[in-house]
Participant: 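This is the structure I want to talk about, given as C-alpha cells.
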Amino acid sequence: MKIKALRGFKDWLPEDFSCYAHLIDKARQVLSLYGFKEVKLPILEKTELFVRSIGEVTDIVQKETYTFEDRNGELVTLRPEATAGMCRMFVEHGLFNRPKPLKLFTVGPMFRHERPQKGRLREFYQISVEFFGKLTPLMEAELIYLALQILNSPKKISPVLEVNSLGCADCRPAFREYLVKELSKVKSRLCEVCQQRLERNPLRILDCKKEGCKEVVKGLKPISEFWCEACRSHFSSLLKGLKELGVSYEQNPFLVRGLDYYQRTIFEIKVPGLGAQDTICAGGRYDGLVLELGGPPEINATGFAIGVERWALALFEEEKPAFLKPPFVFLALLGEKARLYGLKIAKSLREAGIPTEATYEEKSLKAQLKDANRLGVKLAIILGEDELEKGVATLRDMEKSMQEEVPLKELLEKVKSKCLS
RNA sequence: GAGGCUGUAGCUCAACUGGUAGAGCACCGGGCUGUGGCCCCGGGUGUUGCGGGUUCGAGCCCCGUCAGCCUCCCCA
C-alpha cells in the first residue's frame, strides 16, 4: 500500500511552489512599502494560548484544532491562525516598549481539522499582517487599503470589501442582550444550529445562511443602533478614510467573526465566483487581546490574514501559471575529457550568476540538444574532442539555430554578453 | 461533523446490457554513432484508490473503507 499525504494536506510541486512563492514575494514587496517587518512564529503553541485568545466556545477551538499531548504530557496545538502567536510574541518579548505603531507580518502554514474542499485545506498558508499601537480609524482605513493593494499586486482581481463594526466592550453586551431577548421569542423559527448558538454565540446567528434564519434576522435592529458614541464616530471616520482612498465597500450589518477577540472594525474581502470558500482575506480590530495575554492595557491592535491558496485560486481560476525560469545555458558534453572540462565551465558560469545546466551523462549530442531544447535554454555550449583539440567551444543559439566557435578563454565573457542582451 | 457526486497509466479521458483494460499528451528508445523543435517507427510504464462480497467471470453490481469535489457547517 502506497503511503499518501494526509487528507487535506497538499504537496506543492515545483510549478505550484513557484506560483505561491511569486505571490508571497509580491505581498512582501507591498508590505515593505508600508513599513511592515517580517517575523517567524512557532507552528506549535500551548493549547491554552488559543483557548484564551480565539475563545473557548468558538468552533475553531472546539472542533477544528490539531491538539495533542506531546511527549512530556503538555497539551499543545498546531496553530489555526497567526494572530494569537503574534500577540504572545509581542507580550513575551516586551515589544510594547518599542516605538509604535509596530507593524509586523508573518507567512506560513496554519492547521485546521475541517472537511476539505476546494479552497479549504487542513494545512494552508496565510499571510498574516498585524498592527500594534494606538490606532486611529484612519490607520485602519489604510490597513484595509493595504490588504487590497496586496491582493491586486500580481494581477488585478475584483475583490468585494465588506465592513462592519462589532462595537466595543461597552456597547456590544447591550446588543448581545437584545439579540438573545428578541431571538428567544422566535426560537422555533431558527434552525437547529442557531438555536444552540443562541446560548453560546448569538452573534453568529446574524451570519447564518439558512433562509428561515435570514428572515428572522432581517426583522432585527442592526448592531449600529447599539453602538456607543465612541464606536459610532470611530466607524464613520473609518468610512471617511476609505472614501478618501477611493476604496469602494459594502457596509454589511450582519458581518461577524468566528474568533472572539475581534472588537469594533471588522472586514472581509471576497471574490465572487470562487464557490463556497470565497473569502480570501479577513480581519479586524482586536483591542483586548494583548491585555488578555498579559500585556499593557493601552495597546490596540488590528490586522488581517490572506489565504494564499485561495488568493491563487482567485487570481488564476483553474490553472496556475508556471513562474519557473528556465536555465540560460546547457552544456552538451561529448567524451570523458569534455565532461571533465565541462564541470569547470559550469562552475565558472554559475559563479558569474548564469543559470547553467549539464548532465554529464554519456549521451549522444542529439539527445543532449533535445534536453537543452526541453529545458528552454537560450544557449547550448557544445564541447567535444574536436573543440578541445582546437581550444574552442561551439556556442549554439537555440532560438536562432546559429552557432559559432569561441575560444575557451573567451567563452565566459561571450556568454555573459549574450546573457545581458 | 451532516448529505450528495466521483475515483481507470504521470496528465486528460475511453472500455456495449458484467466477458478479462485502451487512446491522446507526457515519458523512454530508435530513424540521425557531432546538432534540438517538425516528422516517422517502436515501447503501456496499470494492484482499474484500497478491502471484502455476489458471479463461471467484476473497471462495471453490492458492502465497507480511503481520497477528491459539491452543498451545509466553518473560515483564509
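Chain letters run A, B, ... following the sequence lines, proteins first, then strands; residues in each count from 1. We use all heavy atoms of the structure for the numbers below, so side chains are in, but hydrogens, waters and symmetry mates are not. Worth saying up front: this structure is predicted, and the values here are computed from it rather than measured.
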Participant: Could you tell me whether the side chain of A:Arg120 has a donor or acceptor atom within less than 3.5 Å of a complementary atom in the base of B:C69?
Facilitator: no
Participant: Taking 4.0 angstrom as the limit, do A:Lys46 and A:Glu48 come out as a salt bridge?
Facilitator: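 Looking at A:Glu48 together with A:Lys46, the answer is no, because their closest N to O distance does not fall below 4.0 Å.
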Participant: Please determine, by modelled atom types, if A:Gln117 and A:Gln277 share a side-chain donor-acceptor pair under 3.5 angstrom.
Facilitator: yes
Participant: B:C75 C1' sits how many Å from A:Phe304 CZ, rounded?
Facilitator: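 From A:Phe304 CZ to B:C75 C1': 17 Å.
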Participant: Looking at A:Glu114 and A:Arg122, is there a salt bridge between them, counting it only when a charged N and a carboxylate O are closer than 4.0 Å?
Facilitator: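 No salt bridge links A:Arg122 with A:Glu114.
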Participant: Base, backbone or nothing for each nucleotide of nucleotides 32-45 of chain B, written B, S, -, heavy atoms under 4.0 angstrom, 5' to 3'?
Facilitator: B-BBBB--------
Participant: Return the stacking result for B:A76 and A:Trp311: yes when the ring centres lie under 5.5 Å apart and the planes under 30°, no otherwise.
Facilitator: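 So no, this residue does not stack on that base, at least one cut-off failing.
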Participant: Under a 4.0 Å N-O cut-off, is there an ion pair linking A:Glu123 with A:Lys10?
Facilitator: no
Participant: Sticking with atom C1', work out how far B:A58 lies from B:A21, rounded to a whole angstrom.
Facilitator: 13 Å
Participant: B:C75 P sits how many Å from A:Asp278 CG, rounded?
Facilitator: 14 Å
Participant: What does A:Gly8 touch in the nucleic acid at a heavy-atom separation under 4.0 angstrom: a base, only the sugar-phosphate, or nothing?
Facilitator: sugar-phosphate
Participant: In whole angstrom, give me the gap between the C1' atoms of B:G3 and B:G59.
Facilitator: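 So the two C1' atoms sit 27 Å from each other.
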Participant: Just by distance, with hydrogens left out, do A:Thr394 and A:Gln403 show a side-chain donor and acceptor under 3.5 Å apart?
Facilitator: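 Absent: no donor and acceptor within the cut-off.
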Participant: May I have the distance from A:Lys4 (atom NZ) to B:A67 (atom C1'), rounded to whole angstrom?
Facilitator: 5 Å
Participant: Count the heavy atoms belonging to other residues, nucleotides or ligands that lie under 6.0 Å from OH of A:Tyr360, then report whether that count exceeds 12.
Facilitator: yes
Participant: Below 4.0 angstrom from OP1 or OP2 of B:U71, is there any side-chain N or O of A:Gln117?
Facilitator: yes
Participant: Can you tell me how far P of B:C66 sits from CZ of A:Phe9, to the nearest Å?
Facilitator: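 Taking CZ of A:Phe9 and P of B:C66, I get 16 Å after rounding.
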Participant: Rounded to whole angstrom, note down the P distance from B:C27 over to B:C38.
Facilitator: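 10 Å, rounded to whole Å.
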Participant: Could you tell me how far B:G49 sits from B:G10 if I compare only their P atoms? Round to whole Å.
Facilitator: 12 Å
Participant: Does B:C75 have OP1 or OP2 under 4.0 Å away from a side-chain N or O of A:Arg204?
Facilitator: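 Result: yes.
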Participant: Take atom CG of A:Leu315 and atom C1' of B:A76, then tell me their distance rounded to the nearest Å.
Facilitator: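 Roughly 14 Å, once rounded to whole Å.
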Participant: Would you indicate what A:Leu6 reaches in the nucleic acid, counting non-hydrogen atoms under 4.0 angstrom: base, sugar-phosphate, or nothing?
Facilitator: nothing
Participant: State the dot-bracket string of RNA chain B. Criteria: Watson-Crick or G-U wobble, both atom distances under 3.5 angstrom; notation: ( ) intrastrand, [ ] crossing earlier pairs, | interstrand, . unpaired.
Facilitator: (((((((..((((.....[..))))((((((.......))))).)...(((((..]....))))))))))))....
Participant: So which nucleotide from B:C69, B:A76, B:A67 ends up closest to the side chain of A:Arg115?
Facilitator: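 Nearest to the side-chain atoms of A:Arg115, counting from C-beta on, is B:C69.
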Participant: Applying ring pair (Phe, Tyr, Trp, His ring centres under 6.0 Å), name anything that partners A:His234, two or more places apart in sequence or on another chain.
Facilitator: none
Participant: Without decimals, in angstroms, what is the distance between A:Gln368 CD and B:C28 C1'?
Facilitator: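 A:Gln368 atom CD is separated from B:C28 atom C1' by 16 Å.
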Participant: If you pin A:Leu121 and A:Ala5 to their nearest nucleotides in RNA chain B, which one's is more 5'?
Facilitator: A:Ala5
Participant: Rounding to a whole Å, what distance do you find between A:Ile266:CD1 and B:A76:P?
Facilitator: 11 Å
Participant: Rounding to a whole Å, what distance do you find between A:Glu114:CD and B:C72:C1'?
Facilitator: 13 Å
Participant: How far does the P atom of B:G57 sit from the matching atom of B:G19, given to the nearest Å?
Facilitator: 14 Å
Participant: Have a look at A:Phe90 and tell me which of A:Tyr286, A:Phe131, A:Phe132 forms a ring-ring contact (aromatic ring centres under 6.0 Å, His included) with it.
Facilitator: A:Phe132
Participant: Would you mind classifying the nucleic acid contact of A:Gln277 as base, sugar-phosphate or nothing, using non-hydrogen atoms under 4.0 angstrom?
Facilitator: base
Participant: So, A:Glu405 and A:Lys390, do they make that salt bridge, N to O below 4.0 Å?
Facilitator: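 Yes, charged N to carboxylate O under 4.0 Å.
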Participant: Which value, in whole Å, describes the distance between the C1' atoms of nucleotides B:A26 and B:C63?
Facilitator: 38 Å
Participant: Quick one: is the NZ or CZ of A:Lys103 closer than 6.0 Å to the six-membered ring centre of A:Tyr34, and within 45° of its axis?
Facilitator: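 No, A:Lys103 does not lie over the aromatic ring of A:Tyr34.
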Participant: How far does the P atom of B:G7 sit from the matching atom of B:A14, given to the nearest Å?
Facilitator: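 Approximately 9 Å lies between the P atom of B:G7 and that of B:A14.
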Participant: Do A:Ile205 and A:Leu179 have side-chain heavy atoms sitting under 4.5 Å apart?
Facilitator: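 No - every pair of side-chain heavy atoms lies 4.5 Å or more apart.
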Participant: Among A:Phe17, A:Phe323, A:Trp311, find the residue that satisfies the ring-ring contact (aromatic ring centres under 6.0 Å, His included) test when tested with A:His22.
Facilitator: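 By the ring-ring contact (aromatic ring centres under 6.0 Å, His included) criterion, A:His22 pairs with just one of A:Phe17, A:Phe323, A:Trp311: A:Phe323.
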Participant: Taking for each residue the nucleotide of RNA chain B with the nearest heavy atom, is it A:Ala282 or A:Lys63 whose nucleotide lies nearer the 5' end?
Facilitator: A:Lys63
Participant: Of all the choices, B:C69, B:A76, B:C72, which nucleotide is nearest to the side chain of A:Ala276 once you look at every atom?
Facilitator: B:C72
Participant: Distance between the P atoms of B:C39 and B:C25, in whole angstroms?
Facilitator: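 Here B:C39 and B:C25 have their P atoms 9 Å from each other.
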Participant: Looking at every strand, decide which applies to A:Ala305 at a 4.0 Å heavy-atom threshold: base, sugar-phosphate, or nothing.
Facilitator: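 If one applies the 4.0 Å heavy-atom cut-off, A:Ala305 turns out to touch the sugar-phosphate alone, with no base involved.
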